[in-house]
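One structure below.
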2 protein chains.
Amino acid sequence: MFSSPAIATAIATPPVRAQQRDDEAACQRIADLLAQIAATPNPQRRLVRSGDVLYQAGAPFTHLHVLNTGIFKLLTRSADGREQVVGLKFRGDWLGFSAISRGRYACDAVAMDTGEVWSLRYDELLKACAQHPALMAAVHAAMSGEIMRDRDSLMSVCTLPADARVADFLRYWADSLAERGLRADQIRLRMTRAEIGNYLGMTLETVSRALSRLARVKLITFIDKGRRDIAIPDVRALEDFIQRCLGPTEQLLH
Amino acid sequence: MFSSPAIATAIATPPVRAQQRDDEAACQRIADLLAQIAATPNPQRRLVRSGDVLYQAGAPFTHLHVLNTGIFKLLTRSADGREQVVGLKFRGDWLGFSAISRGRYACDAVAMDTGEVWSLRYDELLKACAQHPALMAAVHAAMSGEIMRDRDSLMSVCTLPADARVADFLRYWADSLAERGLRADQIRLRMTRAEIGNYLGMTLETVSRALSRLARVKLITFIDKGRRDIAIPDVRALEDFIQRCLGPTEQLLH
DNA sequence: CGTCGCATTGAAGCCATTCAAGGTAGGTGG
DNA sequence: CCACCTACCTTGAATGGCTTCAATGCGACG
């Protein structure tokens, strides 16, 4: 099956190149999506600044939103009062999908940065979708992608020890930037240690220690004095570290 | 705002009743959905038995599936070999959403019981949706609901100690049955302790101990000798237990 | 009857949390 | 400008919850 020389050559292509090509393709898809949205019936543009709340849990659902620039976090609160960061959103991501089924937003969407959001009335979007299958496909792909991403989060929390979880979080953030054509070797965390810990299911002290350890072995470097800006010299090395954390004693189901 | 006597009376209605009404409504929605699907262009019906694989991760995406009867589990495997149960599916649930964005299934769907699956070609479904907005709404609501459910899982894993997580898992399962009009006070777990533990991010021993503790305080009872069938005399009591696990020292963000 | 898979339970050890102390950056007002 | 405050981060030490390792029990099946 893999014996064809042509295929073997293709596989032998340096993975860095492949990664870069993937990122460029992803970046193009996001640009296409945004162009598509811009051509949609009156997208309502809105500038936001760090801390701005786009919508709150419980508010009636009217609009879906697409992030043109900036970064958002999603926060939920359970009936018994537990709070949880349940997602991060970057350029090209949609916000509000979780509101569709109940007609009310299911979480708070809070800006972590200055940015621009495009909001679309859901009913109008549906009409536009009926006429433009490509738009419909984009919406479905986005929802599908959100489901996949959520599962990745669950897997990370369920299977990785604390250090690897933090490393995986940084990798995810860097990947998200790379896919959007931004430099990924240098990231500005816009969350406190407490928020990161909440997102990853650990305490702020554990996050702090994990970051210190990663810095000690040079997998990351702190750029600023406040230790919020982090350089990742080699993402591949981070990924290797995550795998090493699993240990040789990998237990599988079945 | 809540001073109206009429509203006060409504609120004073026993919560059990309200819960029951919710369940009935949910049950009706599911019945409607299935009727809607049945009216759709050639839904392909298929009987499955425990262990049958509906689709595998990596296989080309062609169909979405709706579960008419039975229970499924979803399994993913990360690039570095970690395995994870990422979801459970009951009557009326859709399978395959996560495949849309990449054109390939992102996980394995494995039957845990005999049941019947209705499969729909995605391209045909889209055409049908364009003509029947209600069908489109149902699809979107289902995807939205899956996103919400995934976040609940994440919250459970991130914020609850082991015992409460197992209790929450049982509560979720019972709720899922109740919403479908099935008796919820008695559930047959179709997963091994290892699978439950994997889904909840803990070891099989911890699951076993948690169940033993829950049984010791009479929150659950084992029905069969194999300890796979579990009775839940009072779901409310389970919920109270989960809250008590949080302890009075609740820490919030901000 | 023996084996295999799954579940339970105990004991020891470890990783993450908890508790506590101290440090740094940034903002405010004197 | 400095003192002060607040919010955040870091680090150490002790505790505890979960995991790991190991032994045993139980039921199904050939």
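Here is how names work: the chains are called A, B, and so on, in the same order as the sequence lines, proteins then strands, and each is numbered from 1.
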Is there a donor and acceptor pair, one atom on the side chain of A:Arg209 and one on the base of D:dG12, closer than 3.5 Å?
yes
Indicate yes or no: does B:Arg171 engage B:Asp168 in a salt bridge with an N to O separation below 4.0 Å.
yes
Electrostatic pair B:Arg180-B:Asp175, nearest N-O below 4.0 angstrom:
no
Are any of A:Ser212's side-chain N or O atoms less than 4.0 Å away from OP1 or OP2 of D:dT11?
yes
Give the rounded distance in Å between these two atoms: CG of A:Leu204 and P of C:dC19.
13 Å
Heavy-atom nearest nucleotide on DNA chain C for B:Phe222 versus A:Met202: which residue maps closer to 5'?
B:Phe222
For B:Thr192 and C:dC6, is the shortest distance between a side-chain N/O and OP1 or OP2 below 4.0 Å?
no
Check this for me: does any side-chain nitrogen of one of B:Asp224 and B:Arg228 sit under 4.0 Å from a carboxylate oxygen of the other?
no
Gap separating the CE atom of B:Met202 from the CG atom of B:Leu160, nearest 0.5 angstrom
9.0 Å
Pair A:Glu146 + A:Lys89, salt bridge at N-O below 4.0 Å:
yes
Can you measure A:Leu246 atom CG to D:dT19 atom P for me and round it to whole angstrom units?
15 Å
Answer with yes or no whether B:Glu205 presents, from its side chain, a donor or acceptor under 3.5 Å of a partner atom in the base of D:dC21.
yes
Identify which nucleotide among C:dA16, D:dT10, D:dC18 has an atom closest to any side-chain atom of A:Thr206, counting heavy atoms from C-beta outward.
C:dA16
In whole Å, what is the span from the CG atom of B:Asp224 to the P atom of D:dG27?
10 Å
Distance check: side-chain N/O of B:Arg227 vs OP1/OP2 of C:dT8, anything under 4.0 Å?
yes
A:Ile220 CD1 to D:dT10 C1', in whole Å, measures 14 Å
Rounding to a whole Å, what distance do you find between B:Arg193:CZ and D:dG27:C1'?
14 Å
DNA chain C nearest-nucleotide lookup for A:Lys225 and A:Asp163: closer to the 5′ end is A:Asp163
From CG of A:Leu189 over to P of D:dT10, roughly how many Å is that when rounded to an integer?
11 Å
Please determine, for the side chain of A:Ala162, which listed nucleotide (C:dT8, D:dT20, C:dA16) has the closest atom?
C:dA16
When the distance from CZ of A:Arg213 to C1' of D:dG12 is rounded to whole Å, what number comes out?
13 Å
What contact category does A:Gly197 fall into here, base, sugar-phosphate, or nothing, at under 4.0 angstrom with non-hydrogen atoms?
nothing
How many Å lie between CZ on A:Arg228 and P on C:dT24, as a whole number?
18 Å
